[in-house]
Amino acid sequence: FPVRVPHCWNAIDGADGLPGGKVTVDGGSSVKSDSYLRKRARYVRALPDPTPGKRSFLRFHGASIKTDVLVNGTKVGSHVGAFTMFTFEITSALKPSGNTLEVFVDNRYDETTNPLNADFNMAGGIYRKVELIETDAVCIDPCAYGTDGVVLHADPETGKVRAEVKVSGGPDVVREFAFPQPKLW
C-alpha cells in the first residue's frame with residue numbers, strides 16, 4: 001500500500017507497554033515487548049530521470065535503525081544509526097530513464113547496534129525527509145560526514161576560525177580567518 005515519507009510504523013505503539021498494562025520482566029520497556037513492532041520494511045518508488053552531465057545523490061535525514069539503499073537493484077549504500085543524516089551518490093546506478101529506488105529499513109532489536117536501551121521510542125521507518133540532490137561534476141561533497149560539506153572550527157581563545165570545505169571531484173579548500181578579540185570591561 002502507498003505511504004508518504006516521512007513515515008513511521010511505530011507512531012503510536014512505542015510507549016503503549018504490554019496489553020492490559022502488564023510490565024515486562026526488565027521493568028516495562030515496550031521496546032522489547034510483542035506490542036512494539038520490530039521488522040524489516042521495504043519502500044519502493046520511481047526516481048525522476050537524471051539530468052545528463054550531472055551527479056545525483058540521495059540524502060536521508062533519518063531512517064531507523066539499519067538502512068540499505070538500492071537503485072535499479074544495485075546497492076548504493078548501507079547505514080546503521082537511527083538518528084543521523086546520511087548521503088549516498090547514486091549516479092553510477094542510474095539509467096537514462098525508468099529508475100527505481102528501493103529502501104530497506106530494519107528496526108529489529110540487535111545487541112550490537114546502539115542505542116540498546118533508551119527512554120524514547122526506537123521508531124521504524126524513514127521518519128525524516130529524503131532529498132534527491134543534483135550537482136555538477138565538481139561539487140561541495142554532500143557525503144562528507146553527514147554534513148553539507150562545510151565544517152567550521154572556532155577557537156574562542158584566539159578568535160581564529162578555520163573553514164574546511166570538502167570537495168568531491170577536486171581538492172578540499174581550507175581557510176583560516178582571524179577576528180579581533182572583543183574588549184571586556
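Expressed to the nearest 0.5 Å, how far NE2 of His79 lies from OG of Ser64 amounts to 9.5 Å. With rounding to the nearest 0.5 Å, the separation of CZ in Arg175 from CG in Leu152 is 13.5 Å. Ser78 OG to Leu70 CG: the interatomic distance, rounded to the nearest 0.5 Å, is 8.0 Å. Here CG of Asp155 is found 8.5 Å from NZ of Lys160. Values are rounded to the nearest 0.5 Å. With rounding to the nearest 0.5 angstrom, the OG1 atom of Thr100 is 7.5 Å from the CG atom of Leu47. With rounding to the nearest 0.5 Å, the separation of CD1 in Ile126 from NE2 in His61 is 12.5 Å.
Applying the salt bridge (charged side-chain N to carboxylate O under 4.0 Å, His left out) test to residues at least two apart or on different chains, the pairs with a partner in residues 57-66 are Arg59-Asp148, Lys66-Asp110. The list of salt bridge (charged side-chain N to carboxylate O under 4.0 Å, His left out) pairs with a residue in residues 77-99, not counting sequence neighbours, reads Arg55-Glu89.
A donor-acceptor pair under 3.5 Å is absent between the side-chain atoms of Asp141 and the main chain of Val167, judged by distance alone. Using modelled atom types, one side-chain atom of Asn107 and one backbone atom of Lys39 make a donor-acceptor pair closer than 3.5 Å. A side-chain donor-acceptor contact under 3.5 Å links Asp106 to the backbone of Arg108.
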Inset, instruction - Assess whether side-chain contact (heavy atoms from CB on, under 4.5 Å) is satisfied between Phe88 and Val71, documenting all intermediate values. - result: CA-CA 11 Å; Phe88 301 126; Val71 174; over 6 Å; no

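The minimum heavy-atom distance linking Thr147 with Val150 is given by the pair OG1-N, 4.2 Å. Closest heavy-atom contact between Asn99 and Ala93: OD1-O, 4.3 Å. The heavy-atom pair separating Val161 from Ala154 by the smallest distance is CG2-CB, 4.3 Å. Between Ser56 and Leu132 the shortest heavy-atom distance is CB-CD1, 4.5 Å. Scanning both residues, Leu94 and Pro50, for their nearest heavy atoms gives CD1-CB, 3.9 Å. Closest approach of Gly98 to Asp49, counting heavy atoms only: N-OD1, 3.6 Å.
Using cut-offs of 30° and 60° on the angle between ring planes, the pair Tyr127 and Phe83 is perpendicular.
Val165 is connected to Val138 through a chain of hydrophobic side-chain contacts under 4.5 Å among Ile, Leu, Val, Met, Phe, Trp and Tyr, so both are in one cluster.
Under the 4.5 Å side-chain criterion, counting only non-hydrogen atoms from C-beta, Asp68 is in contact with Lys75.
Remark: Phe57 engages no residue in a ring-ring contact (aromatic ring centres under 6.0 Å, His included) (not counting sequence neighbours).
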